[in-house]
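Here is the structure we will look at, set down as structure tokens.
All heavy atoms count here, side chains included; hydrogens, waters and symmetry mates do not. Counting begins at 1 with the first residue of the sequence.
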Amino acid sequence: MVTAKVWVLKKHFEGFPKPSDFDLKKIELPNLKDGELLLESVFLSVDPYMRPYSRRDMKEGDIMIGTQVARIVESKNPAFTVGAFVVARSGWRTHFISDGKDLQLLPSNWPESLPKSLALGTVGMPGLTAYFGLLEVCKMKPGETVLVNAAAGAVGSVVGQLAKIGGCKVVGCAGSGEKVAYLKKIGFDEAFNYKTVTSLDEALRKASPDGYDCFFDNVGGEFASIAINHMKKYGRIAVCGAISQYNDSVPQQGPYVQVPMIFKELQMEGFIVTRWSNRREEGLNALLKWVVEGKVKYHEQVTEGFENMPMAFIGMLKGENLGKAIVKV
Ligand SMILES: NC(=O)C1=CN([C@@H]2O[C@H](COP(=O)(O)OP(=O)(O)OC[C@H]3O[C@@H](n4cnc5c(N)ncnc54)[C@H](OP(=O)(O)O)[C@@H]3O)[C@@H](O)[C@H]2O)C=CC1
Ligand SMILES: CCCCCCC/C=C/C=O
């Protein structure tokens with residue numbers, strides 16, 4: 001008999017999540033039936049989507065939603081061998097039983113030298129978000145200028161590097177001096193700390209006086225309202241996330257987008273990465289190849305200990321992560 005530790009949503013978040021909104025529980029797992037596997041989480045992901053999705057999809061008492069890289073410890077399913085690693089969507093749990101249907105094996109050519117946690121970040125859902133958002137929503141072209149915010153995070157850091165590979169000029173904004181230095185190190189042409197600039201409007205103009213062809217928006221709110229005025233004619237805005245709004249108890253008010261959209265003839269499109277689930281393999285292969293070749297660099301903010309999942313999640317929402325926020329069990 002295996003005892004799993006799980007984190008439960010004790011109370012729906014009101015405003016910014018607090019440690020007291022979570023409860024750590026223990027669950028006894030039953031013995032395996034034919035076709036089932038027992039898995040142990042090795043790395044778990046904490047992501048911004050958990051904040052809005054918890055309100056939309058969960059009720060109090062549910063196990064927190066989320067993905068993990070897990071190792072198969074016992075198998076009564078011939079398609080899965082003990083010791084193999086998979087990406088699963090089993091929520092915040094140390095151990096779980098699966099029938100194998102919702103598991104993704106790590107690519108067979110995954111190099112030994114590469115952390116398996118990257119399957120939750122640069123070579124996982126956030127990397128795919130950058131890949132499809134840039135290619136299919138921004139439709140970036142060589143020679144264009146791309147703006148990305150939350151640029152030193154899991155999605156943003158890949159957006160900037162893929163835009164450089166695609167022959168674009170890249171401007172990134174992030175919330176600390178350390179993050180700005182990192183963006184310059186990984187090849188961003190311009191980077192600034194949006195928290196310390198005297199005027200975001202001036203900083204965006206200075207970084208690209210001619211404006212922006214593509215804006216990959218991870219933040220929404222006030223930042224996006226200012227940035228839209230810096231778009232070039234026929235510019236494209238990929239509305240990827242709105243993290244500046246996820247913790248609002250009272251919705252923020254405009255300014256509104258219609259006037260700049262009309263006069264600059266902009267395209268603005270929201271998207272969810274799962275739209276391209278049928279091209280997941282294409283995206284992961286491309287990302288893995290670039291990482292192996294050293295063309296895409298990665299950084300992970302690793303929190304040790306399953307007990308620290310709520311703090312890692314809260315820390316990520318506060319901006320404490322450089323690169324992908326990961327918990328190592
Ligand atoms: N549409 C889709 O399919 C997907 C969307 N997303 C979205 O992409 C965005 C980035 O996600 P991800 O890369 O995983 O997360 P990150 O790794 O970028 O972590 C979140 C970052 O957001 C920044 N941030 C937090 N609060 C604010 C704020 N009020 N204003 C500006 N920046 C803030 C912080 O960086 P800083 O220090 O720079 O402020 C923080 O580090 C999120 O909005 C997320 O919801 C992610 C995956 C899929
Ligand atoms: C693997 C779980 C599916 C995650 C989909 C994430 C979409 C994110 C939206 C905003 O953050």
Checklist entry - Are F43 and L103 grouped together when hydrophobic residues (ILVMFWY) are joined by side-chain heavy atoms under 4.5 angstrom apart? => result no

Next on the checklist: Taking the side chain as everything from C-beta on, heavy atoms only, tell me whether K116 gets closer than 4.5 Å to V42.
Outcome noted: no

Checklist entry - Should W92 and I27 be regarded as members of a common hydrophobic cluster, given that ILVMFWY residues are connected when their side-chain heavy atoms come within less than 4.5 Å of each other, either directly or indirectly? => result no

Checklist entry - Which of these, K232, R236, K164, sits in a salt bridge (Lys or Arg N to Asp or Glu O under 4.0 Å) with E144? => result R236

Item to check | NZ/K328: more than 12 non-hydrogen atoms of other groups inside 6.0 Å | outcome: no

Next on the checklist: Could you report the tightest heavy-atom contact between F192 and A207, atom names first, then the distance?
Outcome noted: CE2-CB, 4.5 Å

Checklist entry - Do Q245 and P251 have side-chain heavy atoms sitting under 4.5 Å apart? => result no

Item to check | Joint hydrophobic cluster, V8 plus M311, side-chain heavy atoms closer than 4.5 Å | outcome: no

Next on the checklist: Let's go through Y298 and V123 carefully: what are the C-alpha distance in whole Å and the side-chain angles of both, what is the deciding distance for side chain to side chain contact (heavy atoms under 4.5 Å, CB included) to 0.1 Å, and is it a yes or a no?
Outcome noted: CA-CA 10 Å; Y298 59 87; V123 192; over 6 Å; no

Checklist entry - So, the side chain of S176 versus the backbone of K179: is there a donor-acceptor pair under 3.5 Å, distance only? => result yes

Checklist entry - Hey, is the main chain of M231 close enough, under 3.5 Å, to the side chain of K264 for a donor-acceptor pair? => result yes

Checklist outcome for this item: With V86 as partner, the option from V69, L37, I72 fulfilling side-chain contact (heavy atoms from CB on, under 4.5 Å) is I72

Next on the checklist: Within this structure, what is the CG-CG distance for the pair L118 and L287, rounded to the nearest 0.5 Å?
Outcome noted: 10.5 Å

Checklist entry - For Q252, does the CD atom sit with more than 12 other heavy atoms under 6.0 Å from it, leaving out its own atoms? => result yes

Checklist entry - If you measure only the distance, is there a donor-acceptor pair under 3.5 Å linking the side chains of K324 and S117? => result no

Item to check | Minimal non-hydrogen separation, A150 against N218, with atom names | outcome: CB-CB, 3.9 Å

Next on the checklist: Quick one, D23 with K11, criterion salt bridge (charged side-chain N to carboxylate O under 4.0 Å, His left out). Give me CA distance, side-chain angles, the key distance, then yes/no.
Outcome noted: CA-CA 9 Å; D23 226 357; K11 185 151 185 333; over 6 Å; no

Next on the checklist: Give me the atom names and distance for the closest heavy-atom approach of A163 to V146.
Outcome noted: CB-CG2, 4.1 Å

Next on the checklist: Tell me the closest heavy-atom pair linking L288 and P107, and the distance in Å.
Outcome noted: CD2-CB, 4.2 Å

Checklist entry - At what distance, to the nearest 0.5 angstrom, does CZ of R93 lie from CD1 of I63? => result 3.5 Å

Item to check | Evaluation steps, salt bridge (charged side-chain N to carboxylate O under 4.0 Å, His left out), between K289 and E293 | outcome: CA-CA 6 Å; K289 184 166 176 287; E293 290 170 352; 3.0 Å; yes

Item to check | Flag, side chain of E36 to backbone of I97, donor-acceptor distance under 3.5 Å | outcome: no

Item to check | Side-chain touch R51/F313, heavy atoms, less than 4.5 angstrom | outcome: yes

Checklist entry - Is it the case that more than 12 heavy atoms not belonging to E269 sit under 6.0 Å from its CD atom? => result yes

Item to check | Worked verdict on V73 versus R71 for side chain to side chain contact (heavy atoms under 4.5 Å, CB included) | outcome: CA-CA 6 Å; V73 288; R71 196 176 72 87; 3.3 Å; yes

Checklist entry - Are I243 and V148 joined in one hydrophobic group, where the rule is that I, L, V, M, F, W and Y side chains link up if heavy atoms are under 4.5 Å apart? => result yes

Checklist entry - Can you check whether F80's main-chain N or O pairs, donor with acceptor, with S75's side chain at less than 3.5 Å? => result yes

Next on the checklist: Looking at T94 and K5, would you say the former's side chain and the latter's main chain have a donor-acceptor pair under 3.5 Å?
Outcome noted: yes

Next on the checklist: Just checking R89: does its CZ atom have more than 12 heavy atoms from other residues, nucleotides or ligands closer to it than 6.0 angstrom?
Outcome noted: no

Next on the checklist: As an exercise, state the distance from NZ of K297 to NE2 of H299, rounded to the nearest 0.5 Å.
Outcome noted: 13.5 Å

Next on the checklist: I need the K26 NZ to T3 OG1 distance, nearest 0.5 Å.
Outcome noted: 7.0 Å

Item to check | Worked verdict on H230 versus R205 for side chain to side chain contact (heavy atoms under 4.5 Å, CB included) | outcome: CA-CA 7 Å; H230 290 267; R205 188 172 301 109; 3.9 Å; yes

Item to check | Sidechain-backbone polar pair: S41 side chain, L44 backbone, donor-acceptor under 3.5 Å | outcome: no

Item to check | By ring-ring contact (aromatic ring centres under 6.0 Å, His included) - contacts of H95 (at least two apart) | outcome: none

Next on the checklist: Could you measure the distance from the CG atom of N285 to the CZ atom of R280? Nearest 0.5 Å is fine.
Outcome noted: 10.5 Å

Next on the checklist: Are more than 12 heavy atoms, taken from residues, nucleotides or ligands other than K233, located less than 6.0 Å from that residue's NZ atom?
Outcome noted: yes

Item to check | Contacts of type ring-ring contact (aromatic ring centres under 6.0 Å, His included), residue W276, not counting sequence neighbours | outcome: F132, F271

Checklist entry - Any side-chain heavy-atom pair from I314 and P19 closer than 4.5 angstrom? => result yes

Next on the checklist: Please determine whether residues L24 and V2 belong to a single hydrophobic cluster, defined as Ile, Leu, Val, Met, Phe, Trp and Tyr linked transitively by side-chain heavy-atom distances below 4.5 Å.
Outcome noted: no

Next on the checklist: Quick one, D189 and V171 - any side-chain contact, counting heavy atoms below 4.5 Å?
Outcome noted: no

Checklist outcome for this item: Looking only at heavy atoms, the pair that brings I326 and E300 closest together is CG1-OE2, 4.0 Å

Item to check | Check: F85 ring centre within less than 6.0 Å of W110 ring centre | outcome: no

Item to check | Atom of A174, atom of V180 and distance for their closest heavy-atom approach | outcome: O-CG2, 4.4 Å

Next on the checklist: Salt bridge check, E136 against R279: does any charged N sit closer than 4.0 Å to a carboxylate O?
Outcome noted: yes

Checklist entry - Is a side-chain donor or acceptor of Q267 paired with a backbone partner of Y234 at a separation under 3.5 angstrom? => result no

Checklist entry - Are any of the side-chain heavy atoms of I228 and L266 separated by less than 4.5 Å? => result yes

Checklist entry - Is there a donor-acceptor pair under 3.5 Å between the side chain of E60 and the backbone N or O of H12? => result yes

Checklist entry - Can any side-chain N or O of D47 pair as donor or acceptor with the backbone N or O of Y49 at less than 3.5 Å? => result no

Checklist entry - Can you check whether W290 reaches I165 side chain to side chain, under 4.5 Å on heavy atoms? => result yes

Next on the checklist: W7 vs F306, test: side chain to side chain contact (heavy atoms under 4.5 Å, CB included). Steps then yes/no.
Outcome noted: CA-CA 9 Å; W7 276 106; F306 184 74; 3.5 Å; yes

Next on the checklist: Taking atom NZ as the centre, does K295 end up with more than 12 heavy-atom neighbours from other residues, nucleotides or ligands that are less than 6.0 angstrom away?
Outcome noted: no

Item to check | Close side-chain approach of S54 to D62, heavy-atom, < 4.5 Å | outcome: no

Checklist outcome for this item: dist S244:OG -> F223:CZ (nearest 0.5 Å) comes out at 10.0 Å

Item to check | Side chain Y212, main chain L204, donor-acceptor under 3.5 Å | outcome: yes

